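Both ligands and their constituent atoms are indexed starting at 1 by order of listing. Just so it is clear, the model here is predicted, and its values are computed rather than measured. Throughout, residue positions are numbered sequentially from 1 according to the sequence presented.
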Amino acid sequence: MQSNNIKNSEIIKFYKKNQTQRLDIVRSFANLNDLEIQKLKQFNSLNFTCANRMIENVISIMPLPLGIATNFKINNIDYLIPMAIEEPSVIAAASSAAKIARKSGGFIASSTESLMIGQIQLTNVKDLSFAINQIEKNKKEILNQVNQCDSILISLNGGAKAIKYRIINTKKQTMLIIHLIVDVKDAMGANIVNTMVEKISPFLEKLTNSVSILKIISNLPVYRIAKSKAVWKKELISEKIIQRILDSYQLALHDPFRCATHNKGIMNGIDALAIATGNDFRAIEAGAHAFACLTNKYQPLTKYYLDENQNLVGEIEMPITAATIGGITQTHETAKICLKILNVKTSKELAQIMASLGLAQNFAALRALVTDGIQKNHMKLHSKNIAIAAGASEENVDAISNMMCKQNNISISNAKELIENYANK
Ligand code: NAD
């Protein structure tokens with residue numbers, strides 16, 4: 001049995017190694033076998049049959065690069081984090097933020113139980129207090145009925161745990177919204193919860209003398225929260241930069257235009273890990289942004305402040321519906337290997353890694369923004385994409401990208417000019 005706590009994710013110059021060397025490191029870190037290495041090397045772990053089982057009308061697949069973020073220490077465990085993303089500099093930025101954070105112990109993360117909310121919309125309710133009273137009286141029976149839907153979940157101590165209500169006043173009528181609170185354990189929970197709410201709604205209609213319309217999971221899981229915290233020491237980043245980061249955080253707090261970008265940076269990391277592990281990243285995105293405006297004011301998902309030694313402390317708190325089971329987590333070959341690289345056993349642990357990665361990503365973006373600006377490094381890494389988009393061949397792409405970097409002019413128009421000059425040489 002492998003254990004991450006005796007492993008070291010601080011790998012010097014991982015980015016300078018070739019694919020074989022990188023895979024060798026990941027293989028020994030995560031105890032991957034020959035078949036898993038072969039699958040990663042093949043760049044093709046999803047065949048037509050498998051893809052065609054996942055969705056409809058399949059014609060091909062849409063691959064993304066899969067990289068590894070290094071240096072992460074979370075709750076004293078070292079992790080190599082797989083990230084599937086097309087955007088350059090995201091993985092480098094996360095690794096660099098984690099490298100500095102580990103000098104002060106890394107990330108301290110926690111998460112609540114995996115409680116999801118299933119909504120049942122009851123309309124045409126004649127008497128609200130009668131309806132609520134009826135549900136209260138029959139609570140046990142309701143929970144008992146929905147918990148017959150999933151014996152595996154019940155055997156794991158999961159299942160529906162509570163019922164809550166919301167009264168929503170609309171122009172047309174007052175509705176009673178039932179929230180079924182379900183512990184979905186290591187799953188994302190949508191199928192589990194949707195099955196439960198659909199099953200119970202005819203009984204609720206009868207009990208409350210109402211008509212149920214929508215019966216579906218809520219993608220705002222306010223009881224399924226992950227948190228993480230890290231300290232970036234002042235001597236490693238400078239007091240001036242810390243002050244600038246605090247100032248930039250203030251802008252995100254007070255300005256939705258900046259806040260959207262602030263939160264997007266966080267999601268760069270979280271989505272990439274969600275995709276790598278076969279998770280529903282749309283659900284995580286929806287939850288993140290809805291949570292960000294729970295107070296009716298769109299807010300950053302992270303916060304920053306100074307500790308007693310004037311070091312920078314960063315914290316993140318957000319709902320994360322991470323799954324290590326269900327969906328495609330156990331059917332997509334690459335997702336399965338990514339979960340093995342992480343060596344996570346529960347969805348709670350995966351959510352803690354996602355939160356820590358989001359925080360690291362946010363810190364790295366702020367640090368870059370308040371120093372050189374985002375473009376310097378980002379565009380350097382992006383210059384190869386620009387060169388290819390401008391028509392560079394495999395043979396001259398490196399030269400064109402290097403020339404653009406030297407000239408400090410990374411643009412399609414410049415790349416086109418350089419390609420033409422190159423051809424006429
Ligand atoms: P699922 O139905 O694929 O698998 C969950 C099942 O796994 C459980 O019912 C349980 O029987 C079993 N299981 C075994 N071990 C378990 C463990 N340790 N913890 C929990 N369950 C365990 O998955 P799901 O999570 O119910 O549904 C996720 C899928 O639903 C995703 O593909 C998602 O994209 C999709 N979906 C999302 C939405 C939405 O977000 N609004 C709506 C519909 C569907």
Identity and distance of the protein heavy atom lying nearest atom 43 (C) of ligand 1: N194 ND2, 3.6 Å

In terms of atom number and element, which parts of ligand 1 are under 4.0 angstrom from non-hydrogen atoms of D280? 33 (C), 34 (O), 37 (C), 40 (O)

Ligand 1 versus D186: contacting region, heavy-atom distance under 4.0 Å: both

For ligand 1, the portion of I217 having any non-hydrogen atom under 4.0 Å away: side chain

Considering heavy atoms of the protein only, find what lies nearest to atom 28 (C) of ligand 1 and give residue, atom and distance to 0.1 Å. M188 SD, 3.8 Å

Could you list which atoms of ligand 1 come closer than 4.0 Å to a heavy atom of L156? 15 (N), 16 (C), 17 (C), 18 (N), 19 (N)

List the closest protein heavy-atom neighbour of atom 12 (C) of ligand 1: residue, atom name, distance to the nearest 0.1 Å. I152 CG2, 4.2 Å

Residue-level breakdown please: for D150 versus ligand 1, do any non-hydrogen atoms fall below 4.0 Å on the side chain, on the backbone, on both, or on neither? side chain

Any side-chain donor near an acceptor of the partner, Y304 and E315, under 3.5 Å: no

Whether E333 and K39 form a salt bridge (side-chain N of Lys/Arg under 4.0 Å from carboxylate O of Asp/Glu) is what I want to check. yes

D78/R102 salt bridge by N-O under 4.0 Å criterion: yes

One thing to verify: whether E10 and K103 come together as a salt bridge, which I'm taking to mean a side-chain N less than 4.0 angstrom from a carboxylate O. yes

For atom 22 (C) of ligand 1, grab the closest protein heavy atom and report residue, atom and distance to one decimal in Å. I325 CG2, 3.7 Å

Does some non-hydrogen atom of G189 fall short of 4.0 Å from ligand 1? yes

Can you tell me which portion of N191 lies within the under-4.0 Å heavy-atom range of ligand 1? Options are side chain, backbone, both, or neither. both

Pull out every atom of ligand 1 sitting under 4.0 Å from any heavy atom of G326, numbered as shown with elements. 1 (P), 3 (O), 4 (O), 23 (O)

Would a distance-only check, ignoring hydrogens and angles, find a side-chain to backbone donor-acceptor pair under 3.5 Å from S401 to A387? no

Just to verify, which of K41, K340, R27 counts as forming a salt bridge (Lys or Arg N to Asp or Glu O under 4.0 Å) with E36? K340

When distances are taken from atom 20 (C) of ligand 1, the protein heavy atom at minimum range is V184 O, 3.1 Å

Nearest-neighbour protein heavy atom for atom 36 (N) of ligand 1, which is reported as residue plus atom name and distance: A190 CB, 3.3 Å

Do any non-hydrogen protein atoms sit less than 4.0 Å from atom 7 (O) of ligand 1? no

At less than 4.0 angstrom from any non-hydrogen atom of G327, what atoms of ligand 1 do you find? 1 (P), 3 (O), 23 (O), 32 (O)

Run the numbers for me: atoms of ligand 1, each under 4.0 Å from some heavy atom of N219, listed by number. 39 (C), 40 (O), 41 (N)

The one among G287, A187, S347 that brings a heavy atom closest to atom 5 (C) of ligand 1: A187

Examine K185 against ligand 1 and note whether any of their N/O atoms are separated by less than 3.5 Å. no

Can you tell me if N147 uses its side chain to pair, donor with acceptor, with the backbone of L143 under 3.5 Å? yes

Is the side chain of N71 donor-acceptor paired with the backbone N or O of S96 at a distance under 3.5 Å, no angle test? no

When T302 is tested against each of Q361, H262, K229 for side-chain hydrogen bond (donor to acceptor under 3.5 Å, both in side chains), which residue passes? H262

Between the side chains of N263 and Y298, does any donor sit under 3.5 Å from an acceptor? yes

Between K140 and N144, does any side-chain donor sit less than 3.5 Å from a side-chain acceptor? no

Would you kindly say whether N169 and T174 are connected by a side-chain donor-acceptor distance under 3.5 Å? yes

So if I count the atoms of ligand 1 from 1 in the order they appear, which ones are less than 4.0 Å from some heavy atom of L153? 20 (C), 21 (N)

